[in-house]
Amino acid sequence: MGPPLGFVSGFLPKSGWELFSHWDGKWYVEIATLGYSYADDGEHHSVAFYPLFPLLMRGLTTLGMQVEVAGVLINSLAFLSALVLVYFWVEQRYDTRAAKWTTSVLAWCPFSLFCTVIYTEGLFLLLTASALRAFERGEYIWATVWGALTTATRGPE
């Protein structure tokens, strides 16, 4: 099995939107632009990645947006939306102080970095929080819709 897509030994990044599309981001860019591929050759292939995120990226590229910009925009806006959703959800269940602390920790957690590049973390967080909130409110149809979209974003890990 060879190295991951786009892996270059001694890589030094260049400035530009490509900075946001390394590792898994390269796969999402490839899927959004070229579609899925697979060959039984023992190499890495794009079929391991779930379709919702690259589908949304492709949708924005049809409007004339650069694919890397689309990926960063989708992930970042989804993360921001998730922060707002979680804030109001926690505020409703507990109080404003708890909501502020919860969203602050979520926003400043070191792993939130992955919500600003071409990864699915922001979208996954938004859809998961939406599904859980809808379920808690007894909105089972919406919980199902959000849950189904979540499963089109990534698998359980």
Side-chain angles (χ1 to χ4, degrees), residues 1-89 103 105-135 139-157:
M1 188 177 315
L5 179 68
F7 177 80
V8 176
S9 181
F11 168 75
L12 292 174
K14 299 174 187 167
S15 62
W17 284 101
E18 295 80 25
L19 277 174
F20 299 95
S21 66
H22 291 285
W23 300 104
D24 287 357
K26 289 272 187 215
W27 290 104
Y28 290 118
V29 167
E30 180 181 289
I31 295 165
T33 55
L34 304 172
Y36 284 95
S37 65
Y38 178 76
D40 191 13
D41 58 5
E43 297 295 320
H44 297 279
H45 294 283
S46 60
V47 294
F49 294 90
Y50 290 75
L52 183 60
F53 187 64
L55 184 64
L56 293 173
M57 288 171 60
R58 182 162 189 128
L60 287 181
T61 61
T62 62
L63 300 174
M65 189 175 289
Q66 184 181 343
V67 68
E68 289 88 1
V69 175
V72 170
L73 185 66
I74 291 165
N75 197 23
S76 297
L77 289 178
F79 181 56
L80 179 61
S81 300
L83 290 175
V84 171
L85 176 76
V86 168
Y87 177 88
F88 287 114
W89 184 16
T103 52
V105 168
L106 192 57
W108 293 103
C109 168
F111 297 116
S112 67
L113 170 71
F114 296 106
C115 296
T116 62
V117 295
I118 303 177
Y119 277 24
T120 60
E121 273 66 9
L123 185 59
F124 183 78
L125 179 63
L126 173 63
L127 295 171
T128 302
S130 297
L132 293 171
R133 182 173 181 261
F135 186 82
E139 300 169 348
Y140 301 119
I141 301 297
W142 279 112
T144 303
V145 169
W146 297 127
L149 289 171
T150 300
T151 63
T153 305
R154 60 185 301 160
E157 296 175 17

S.K.: Taking only residues two or more places apart in sequence, or in another chain, which ones meet Leu73 in a side-chain contact (heavy atoms from CB on, under 4.5 Å)?
M.R.: Leu60, Met65, Leu77
S.K.: Between Asn75 and Ile118, is there a donor-acceptor pair closer than 3.5 Å when you use the side chain of the first and the backbone of the second?
M.R.: no
S.K.: Check Met57 against Ala70 and note the closest heavy-atom contact, atom names and distance.
M.R.: O-CB, 3.9 Å
S.K.: Which heavy-atom pair separates Pro54 from Ala32 by the least distance, and what is that distance?
M.R.: O-CB, 3.6 Å
S.K.: Apply side-chain contact (heavy atoms from CB on, under 4.5 Å) to Ala143 and list each qualifying residue two or more places apart in sequence or on a separate chain.
M.R.: Ala134, Phe135
S.K.: How would you list, by chain and number, every residue that makes a side-chain contact (heavy atoms from CB on, under 4.5 Å) with Leu83, sequence neighbours excluded?
M.R.: Phe79, Leu106, Ala107
S.K.: Holding to ring pair (Phe, Tyr, Trp, His ring centres under 6.0 Å), I want the full list of residues that pass it with Tyr28, two or more places apart in sequence or in another chain.
M.R.: Phe49, Phe53
S.K.: Between Thr62 and Gly59, is there a donor-acceptor pair closer than 3.5 Å when you use the side chain of the first and the backbone of the second?
M.R.: yes
S.K.: Under the rule for side-chain contact (heavy atoms from CB on, under 4.5 Å), what residues qualify as partners of Ser130, not counting sequence neighbours?
M.R.: Leu85, Leu126, Trp146
S.K.: Please report the shortest heavy-atom distance between Thr153 and Leu127, naming the atom on each side.
M.R.: OG1-CD1, 3.4 Å
S.K.: Hey, does Leu149 have a side-chain heavy atom less than 4.5 Å from the side chain of Leu52?
M.R.: yes
S.K.: For Glu139, is there an ion pair with Arg133 - N to carboxylate O distance below 4.0 angstrom?
M.R.: no
S.K.: Counting only heavy atoms not in Ile141, do more than 12 sit closer than 6.0 Å to its CD1 atom?
M.R.: no
